[in-house]
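Working notes, structure below.
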Amino acid sequence: MTRQHEAQAAIRAVGLTKRFGTRQALAGVDLEAPAGTVLGVLGPNGAGKTTTVRILSTLLRPDAGRAWVAGRNVASDPHGVRERLGLSGQYAAVDEKLTGRENLYLVARLYGMPRRAARRRAAELLADFRLQEAADRPSGTFSGGMRRRLDLAGALVAKPPVVVLDEPTTGLDPRGRTDTWGAVRELVAAGTTVLLTTQYLEEADQLADSIAVIDRGRVIARGSAGALKARVGGERLALTLPDPGSRARALGILAGLGPHTPDFDPRTGRCTVATDDGVRALEHALALLRLADVAVEEVSLAPPTLDDVFLALTGGDRARRAEPGRRGPVSHRRGAA
Ligand SMILES: Nc1ncnc2c1ncn2[C@@H]1O[C@H](COP(=O)(O)OP(=O)(O)OP(=O)(O)O)[C@@H](O)[C@H]1O
Ligand SMILES: [Mg+2]
């Protein structure tokens, strides 16, 4: 790779590996985000998202591999990287004794802003993240979502050219999520490069110019949302089969419709199958199911979501993916936000 190429990509990682004890957290991750774009790193719990973020933001050294942020090497020029990178970690880091305004003012001063500019920037960000009302009470009294927003605001104080957001909307209510999306879009419009990790497929679909899907420390797919969707075939025919007695018959019929294997969730009775024939496939399927006396509820035909892409890429085994006691990667449904 040429020097020029390295400089053009605002974020670039090559062959990152990291092991914790016996656990291989990263097994060779390559990433690249051209300047002024959003790279979405999508993956379930334990995939290696935070480990990647910590390496890019110089908080952790990789065992092998190299990375650059805004043209600076994370290993040989960590100071240069930190000057050019705003980070909002997975767990909000705010000083609970300070008010929201003081937290932001302090960050601005640490970045070397003069007092007046620091005050102005803090006020701007408090407004952007709807924190004005609570601005002057200790952030220890903030709700989880408010802390999260304050931490995000902190990452943006110095208007760095590269911003890394680790699960920026986890734990936010729908309004908080929309605000955050708006903030990311504004950043990008102003030329900032953003890397964001998410378990919300909808979020990557909404924001990211390109997406890297990671699973168990490896990038298993990359491309635009559209390109990823194209990989799993055309539209998705979804239907709910309320009667357990006829499900096996129904799945046999649906499997016979085309080359794609139906995905079935026994908990909900919902069956999804990719189809390249759209409405014709839908009509055909319903006719065959009626002949076979199979009860059907809630029929729909829709373009594939990133949920579908993820299921197709990872083999569709939901139960295997979720770490005990944690939210699974595909619990978020389009329209739930
Ligand atoms: N400091 C550590 N010590 C030991 N194991 C770790 C450490 N940090 C991460 N791991 C392990 O490395 C793997 C990747 O973790 P990482 O935090 O990068 O995942 P993630 O994609 O951010 O997951 P989540 O969505 O839950 O935040 C996991 O199996 C995790 O348990
Ligand atoms: Mg994480």
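Treat the numbers as computed from the prediction; the structure is a model and nothing was measured. First listed ligand is number 1; within each ligand, the first listed atom is number 1.
Close contacts of ligand 1 with Glu167, meaning ligand atoms under 4.0 Å from a residue heavy atom, involve 24 (P), 25 (O), 27 (O). Close contacts of ligand 1 with Thr50, meaning ligand atoms under 4.0 Å from a residue heavy atom, involve 17 (O), 18 (O), 20 (P), 22 (O), 27 (O). Heavy-atom contacts of Pro44 reach the following atoms of ligand 1: 21 (O), 25 (O) (cutoff under 4.0 Å). Atom numbering of ligand 1 starts at 1 in the shown order; those under 4.0 Å from a heavy atom of Ala47 are 19 (O), 20 (P), 21 (O).
The side-chain heavy atoms of Thr99 and Glu102, taken from C-beta on, include a pair separated by under 4.5 Å. Residues Val41 and Val29 fail the side-chain proximity criterion, which asks for heavy atoms closer than 4.5 Å. Annotation: side chain of Val194 is not in contact with side chain of Val162 (no heavy-atom distance under 4.5 Å).
The distance from the Mg ion (ligand 2) to the nearest N/O/S atom of Gln90 is under 2.8 Å. For the Mg ion (ligand 2), the set of nearby N, O or S atoms under 2.8 Å includes none belonging to Thr197.
Between the side chain of Lys18 and the backbone N or O of Arg61, at least one donor-acceptor pair lies under 3.5 Å.
With no hydrogens or angles considered, no side-chain donor-acceptor pair links Arg270 and Thr240 at under 3.5 Å. Between the side chains of Ser139 and Asn103, at least one donor N or O lies within less than 3.5 Å of an accepting N or O.
Environment of CD in Gln132: crowded, with over 12 heavy atoms of neighbouring residues, nucleotides or ligands closer than 6.0 Å.
Residue Gly48 has at least one nitrogen or oxygen atom sitting less than 3.5 Å from a nitrogen or oxygen atom of ligand 1, judged on distance alone. At a 3.5 angstrom cut-off on N or O pairs, Gln199 counts as close to ligand 1. Residue-to-ligand polar distances keep Phe20 apart from ligand 1: every N/O pair is separated by 3.5 Å or more.
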